[in-house]
Amino acid sequence: MNQTTDQSAEMSLPKTYRPEDHEQRITTRWSDADAFRADPDAVLNGDRQGYSVVIPPPNVTAALHLGHALNNTLQDVLIRSHRMMGFETLWMPGADHAGIATQTVVEKRLIAEEGRKRTDFERDEFIGRVQEWKDEYEETIKGQLLEMGCSCDWERWRFTMDDVCAKAVREAFFQLFKDGLIYRGKRLVNWDPVTQTALADDEVDNIEIDGFFYYLRYPIVDADGEPLRVALPDGSTLEHVTVATTRPETYLGDTAVAVNPSDPRWPALRDAGAHAKLPFVNRVIPVIADDYVVLPAKDPDAEGVDPKAKYASGFLKVTPAHDPNDWEIGNRHDLAAINVMAPDASISDEHGWEDVGDATVFLGLSREDARAGVVQRFDELGLLADKRDYSHGVGHSYRSHVPIEPYLSDQWYVKVTDDRLTGGAQRALNGRQRSHEGGWYKGCERGDGNPAERFDSDGTMTFYPDRYAKSYETWHDNIRDWCISRQLWWGHRIPVWRTYDPAIGRVSEAELAEGVSRWMKLARAERVAIQYRGEFVPLERVEKENLDMGAFFVCIRDPEGEDRELVEMIESEGWVRDPDVLDTWFSSALWPMSTMGWPEDTPLLDAFNPTSVLTTAREIITLWVSRMVMFNRYFKGGDVPFDDVYIHAMIQDGEGRKMSKSLGNGVDPRDIIHLHGADALRFTLCQMTTQTQDVRMPVERDEQSGKNTSPKFDLGKRFCNKLWNASRFTMMMLDEAETKLTNGQAIDSDDLSPVDRWMLSRLRSTIDTVEEALRTYQFSVYAQAMYDLMWRDFCDWYLEAIKPTVRQRPAQQAVLRAALDAILRLLHPIAPFVTEAIHEHLRATPAGDLPGVGLPDSELICQAPWPEVAGDFRDEPIESGIDRLRDLVAAVREVRAQQQVQPRRRITLHVDQPMLDEVKAGDGFVETLAGLAAVVASDPEGAASSFTFDAREFRLSDLQDESAGGSDAERERLSRQIEELEGSIATLQKRLSNPGYTEKAPAHLVEQTRNQLAGLESELDAARKSLEALQ
RNA sequence: GGGCGGAUAGCUCAGCGGCUAGAGCGCUCGCCUUACACGCGAGAUGUCGCCGGUUCGAAUCCGGCUCUGCCCACCA
């Protein structure tokens, strides 16, 4: 290994690209130049088209992981490329307060480090502690984005809870409230009895629990509660219904027993007017029929029996207040919902349960104790029919890890089922993806009698890849109203006041009425909205009529801003603010608007909303994408928040598992940056990002640092290094030239050699490929095209080919420099640092003036224009001509390798006259790349090796100093070649001997096959002769 | 249960009706060849998951299986 760095004057650049020498310095240069600042006026004046992206705000719970790195890299690629293409670009950065997730991590830390629970703090004090955590992680995240090279408009950084975003949240809430799209509802929520919080569905972990199935007998009675015996069709008599349950304690809240209508026992029960009487409670409840009930299996032990049918008794206890399905059944049959639990999940008669009867023994028990108690009491009365082992999934709080309780509770809802919201979101899809002909809604196509509105579209929003439009649509088809209240402290507090707060107690009606008339004078109609028993009441009515103040919900438009005085007044009158905060997605849903200053009418909004594209992961289509579309359209007169939605692949580990902390298979982007460089990270991620839904990244431990990494990143690292060295070489050539190019020197296109034209043609083709890939979000295609252009075309062929001539040819120097410059620009969006570092040096070298090539100088490459190469540089004849010569070179190299010819040895190629003409037309290309001393149209005099090319036999001489053997190797090579040729010939012959092919296939293909076969046959012939000659 | 992917070289992936099925890594051989050994040249490696069908022709289109993953819903 040659470790000594060559420090000669010509080669002042180190031999390897060292990211750590450049990344920080370049970040500072960008920042000093204010290079990523978006100017809305440039768009509004019509100077430039706008191109904008909002970052999906990362949660401030933790540092960014590899998924973020991927997502943000792709966004930066889009932003940087469009910036270079002349768009006025805005990349809006920021972070999300992530309500429950952040509060949870902070609570955990406080318990671990200080032994204090949340409730040991005052609300403000606790929020202060969360704020500290947020500040810390927000800085970390910003730092990571900077390290990755993200070209965000940093000064516009937003946080979902900062003043600007908070104002938008309050305004949005007020408008929705006023428009009747926010309502108070009683619903079953996932209740965490420990933290006493409602959880979102995705905050519930399903854990398999070994429990029991209990079979409880309820005596059958008539409607008046008198015992009843029901004669069944099979001749038996029924005195009890036996319900099967895993949760006996909830029987206290039962309001019906349900049976499947096709159950043979149902008609008898119905006709007898059967009811059931709950032991102890003595509540008489109806027996009803509902399809939801599973019929018991005839043979419970048979294979493949539905586990429910296996355990079912045919009777289902219905507890609407404590089970989501029972809640649905209750709605269908208009049953009462009796809540028998306190918020801590203990049995209680203070939350809606009145007919306790003899069940007072259970009051105050925890749900676990109540279960044991109920089972014991039933057993004592002979009403426990059976108890069987049963393993089933139970939802657990991801915060406190206790089983969640389906709990009837008052919550705030956004009525997303309203057509103004979900309909708007559906119609936002462009027509093509909305109807997806022949695909998604079989039997529901236009014109077949089904409502065509099904497919109505008034938008142009487009998903990439296509298939995600379907996920988006089906989700909206099944959407339910969105519960937005969370019993947390960290978040946007709900701007609603009411007169009753359990902690404070009631204020007298008289006092209230007096107060109301006072604050009413201060309140202006457009600043306050009042809901009264689900309706809206105008302020005048409140004053005139004697309404029950306790049923008022008063929403104040801007309690933290303009309406502060009003808030002070009504609070002094005894009104109390709702203690809950909003679901974190409520503020995220406003992100594309709030970050740009909505509800103010700002230039930023005018210029950049709708944004150009949202880049995100598919798991978030429902939680976030949909809600942004609903809100943006609703609040901004139908504007979609983004034109395109690009859903990127998910990164899994080598075994196809999700990367996670608990599995220890996560890769930290910071480690990759330190180990390989930011550009290596970015290039590799782009290169991996195909259109599939998952991509795998084998994870390995780096031996030196002990950090997780992946061999995949070597690709990016090597790529950067290769580019660095190709650039070093280019600049050395320009510097050492004998006839130097002068800056601005006009180049006559007649002075370009074939290989120069070839290089420009390859460049032009690659620009097309790259632009198309960007348009369709095919990042892997982009990265691969750049790899091929830089490594294969530029380094392997172009640089090698021009080595002998470039010093004497200014025109060639101009092409060389232009090619490198264009490669750097095309690559800059993927690899910003290394290209910027090289650009700093390349700028100092003279550039020629090549007609049709536009590479205007710019101090920073990040602000340089996208390369322009005129379309007529695309030259098919040149490309195929050079391709042919490359094949010839490969053929010669194969012989050289087989004959073990010293790399530096110049040998002689003997060809026929037509081939000689072709080679000459290549202007030294073949000679240079194949290591030839001469190409001649004459037979060799001494020892020679032959090979076939284009169905002809050519020879190579002067391979060896002394005519050493080597014929063994050559025989081997020829034999292998003959074998391959025979195989190929057989394939083609078979094809041609098929009459179907020659008759039906397109003529040009048949013709092509015939020519191919003829070619291969003469090649085979030549190879056989050569082999014979050796023997 | 509903929806959506994947199965092609030892590994990670391209190719999605017609080239003798490709790339990178890994492997073998030879090279410190006037930038790069994080490199250069050459080479080996495939019943394109299985079974049918359509077609002159299928890795590619259709149907059915088998594995495998993701999202959503549900879990008396």
Side-chain angles (χ1 to χ4, degrees), chain A residues 1-2 6 11 13 15-17 201 206 213-214 243-247 292-294 307-308 311-313 315-317 323-326 390 392-395 467-468 470-471 474-475 478 618-619 621-622 649-650 652 654 656-658 676 680 687-688 690 692-698 710-712 714-715 717-733 736 780-781 784 787-788 792 795-796 799-800 803-804 890 893-898 900-905 931 976 980-981 983-985 987-988 991 994-1002 1005-1006 1008-1009 1012 1016:
Chain A
M1 290 260 258
N2 181 4
D6 190 336
M11 293 174 61
L13 298 172
K15 280 179 79 165
T16 52
Y17 171 63
D201 291 344
N206 207 25
F213 239 118
Y214 302 92
V243 297
T245 179
T246 55
R247 306 198 50 206
Y292 177 75
V293 182
V294 174
K308 272 188 197 169
Y311 286 92
S313 69
F315 294 107
L316 177 70
K317 63 191 278 302
D323 182 286
N325 292 307
D326 292 5
Y390 184 66
H392 63 298
V394 176
R467 67 183 115 96
Y468 292 110
K470 189 184 173 186
S471 309
T474 27
W475 187 75
N478 303 312
R618 68 179 171 280
E619 63 194 10
I621 293 175
T622 54
M650 300 272 295
Q652 304 173 334
R657 299 173 305 181
K658 250 184 168 174
H676 303 271
Q687 189 273 151
M688 287 177 68
T690 56
T692 56
Q693 71 180 17
D694 306 305
V695 290
R696 289 186 185 193
M697 171 168 286
S710 171
K712 285 249 171 190
D714 292 338
L715 170 74
K717 194 181 176 185
R718 285 178 182 153
F719 180 78
C720 292
N721 195 243
K722 186 73 178 177
L723 176 67
W724 179 257
N725 277 294
S727 307
R728 225 161 51 95
F729 179 72
T730 297
M731 290 185 276
M732 190 181 85
M733 285 295 154
E736 291 176 354
S780 166
V781 170
Q784 198 57 47
Y787 183 95
D788 290 341
R792 304 273 83 100
C795 293
D796 288 357
L799 286 184
E800 293 302 327
K803 273 179 181 173
R893 282 173 173 176
E894 190 184 341
V895 175
R896 293 185 65 123
Q898 284 298 328
Q900 311 220 332
V901 178
Q902 289 299 306
R904 266 189 277 189
R905 188 175 181 89
R976 200 175 54 240
E980 278 173 19
L981 284 168
S984 307
I985 286 168
T987 309
L988 296 184
R991 191 178 299 166
N994 179 348
Y997 178 67
T998 46
E999 284 160 24
K1000 294 192 185 175
L1005 279 174
V1006 179
Q1008 188 182 311
T1009 310
Q1012 248 170 13
L1016 291 176

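The basis for the numbers below is simple: all heavy atoms, side chains too, and nothing from hydrogens, waters or symmetry mates.
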Quiz item: Taking atom C1' of B:G6 as reference, at what distance in whole Å does atom CD of A:Q652 sit?
Solution: 10 Å
Exercise. Spell out, as yes or no, whether a donor-acceptor pair under 3.5 Å connects the side chain of A:R247 to the backbone of A:D323.
Key: no
Quiz item: Which part of the nucleic acid, if any, lies within contact of A:E894, taking any heavy atom under 4.0 Å across all strands shown: a base, the sugar-phosphate backbone alone, or nothing?
Solution: sugar-phosphate
Quiz prompt | Touch class at under 4.0 angstrom, heavy-atom based, for A:D326 against every strand present | solution = nothing
Exercise. Name the closest nucleotide to the A:K1000 side chain, picking from B:C71, B:C56, B:G3.
Key: B:C56
Practice problem: Counting Watson-Crick and G-U wobble pairs only, both distances under 3.5 Å, name the nucleotide matched with B:G46, or none. | Solution: none
Self-check item: Closest nucleotide among B:G69, B:A35, B:A14 to the A:D694 side chain
Solution: B:G69
Quiz item: Is there a Watson-Crick or G-U wobble partner for B:C40 with both distances under 3.5 Å, and if so, which one is it?
Solution: B:G30
Quiz item: Is a donor on one side and an acceptor on the other found under 3.5 Å between the side chain of A:N725 and the backbone of A:N721?
Solution: yes
Exercise. Have a look at A:Y214 and say if it touches a base, only the backbone sugar-phosphate, or nothing, with a 4.0 Å heavy-atom cut-off.
Key: nothing
Quiz item: B:G3 P sits how many Å from A:R467 CZ, rounded?
Solution: 16 Å
Practice problem: Name the pairing partner of B:G63, where a pair is Watson-Crick or G-U wobble with both distances under 3.5 Å, or state none. | Solution: B:C51
Quiz item: If you check the A:R718 side chain, which of B:A42, B:C13, B:C25 turns out closest?
Solution: B:C25
Exercise. Choose from B:A42, B:C36, B:U34 the nucleotide whose nearest atom is closest to any side-chain atom of A:R728.
Key: B:C36
Quiz item: Would you say A:K803 reaches B:U33's phosphate, i.e. side-chain N/O to OP1/OP2 under 4.0 Å?
Solution: no
Quiz item: Between A:T692 and B:A14, does any side-chain N or O lie under 4.0 Å from OP1 or OP2?
Solution: yes
Quiz item: Looking at A:Y787, is A:K722 sitting on its ring face, NZ or CZ under 6.0 Å from the six-membered ring centre and within 45 degrees of the normal?
Solution: no
Quiz prompt | Spacing of A:Y468 atom OH relative to B:C70 atom P, expressed in whole Å | solution = 13 Å
Quiz item: Any side-chain N or O of A:S471 less than 4.0 Å from the OP1 or OP2 oxygen of B:G3?
Solution: no
Quiz item: Can you check the A:Y787 OH to B:C25 P distance for me, whole Å?
Solution: 5 Å
Practice problem: Name the pairing partner of B:C56, where a pair is Watson-Crick or G-U wobble with both distances under 3.5 Å, or state none. | Solution: B:G18
Exercise. From the options B:G41, B:C36, B:U12, select the nucleotide whose nearest atom is closest to the side chain of A:R696.
Key: B:U12
Practice problem: Could you please name the option among B:A35, B:U33, B:U20 that lies closest to any side-chain atom of A:F729? | Solution: B:A35
Quiz item: Atom CH2 of A:W724 and atom P of B:A35: how far apart are they, to the nearest Å?
Solution: 17 Å
Practice problem: Mind calculating the distance between CD (A:E619) and P (B:C70) to the nearest angstrom? | Solution: 12 Å
Practice problem: Check every strand shown and say whether A:E800 touches a base, only sugar-phosphate, or nothing at a heavy-atom separation below 4.0 Å. | Solution: base
Quiz prompt | Any strand: nucleotide that pairs with B:G5 via Watson-Crick or wobble, under 3.5 Å | solution = B:U68
Quiz prompt | Integer-rounded Å distance: B:G26 P and A:K712 NZ | solution = 13 Å
Quiz item: Are the side chain of A:S780 and the backbone of A:M688 linked by a donor-acceptor contact shorter than 3.5 Å?
Solution: no
Quiz item: Going by heavy atoms in the side chains, are A:W475 and A:I621 under 4.5 Å from each other?
Solution: no
Self-check item: Any strand: nucleotide that pairs with B:C11 via Watson-Crick or wobble, under 3.5 Å
Solution: B:G24
Quiz prompt | Parallel, tilted or perpendicular, as decided by the 30° and 60° cut-offs, for the rings of A:Y17 and A:W724 | solution = tilted
Quiz prompt | Touch class at under 4.0 angstrom, heavy-atom based, for A:F719 against every strand present | solution = nothing
Practice problem: May I ask you to say what A:V293 touches in the nucleic acid, namely base, sugar-phosphate or nothing, with a heavy-atom cut-off under 4.0 Å? | Solution: base
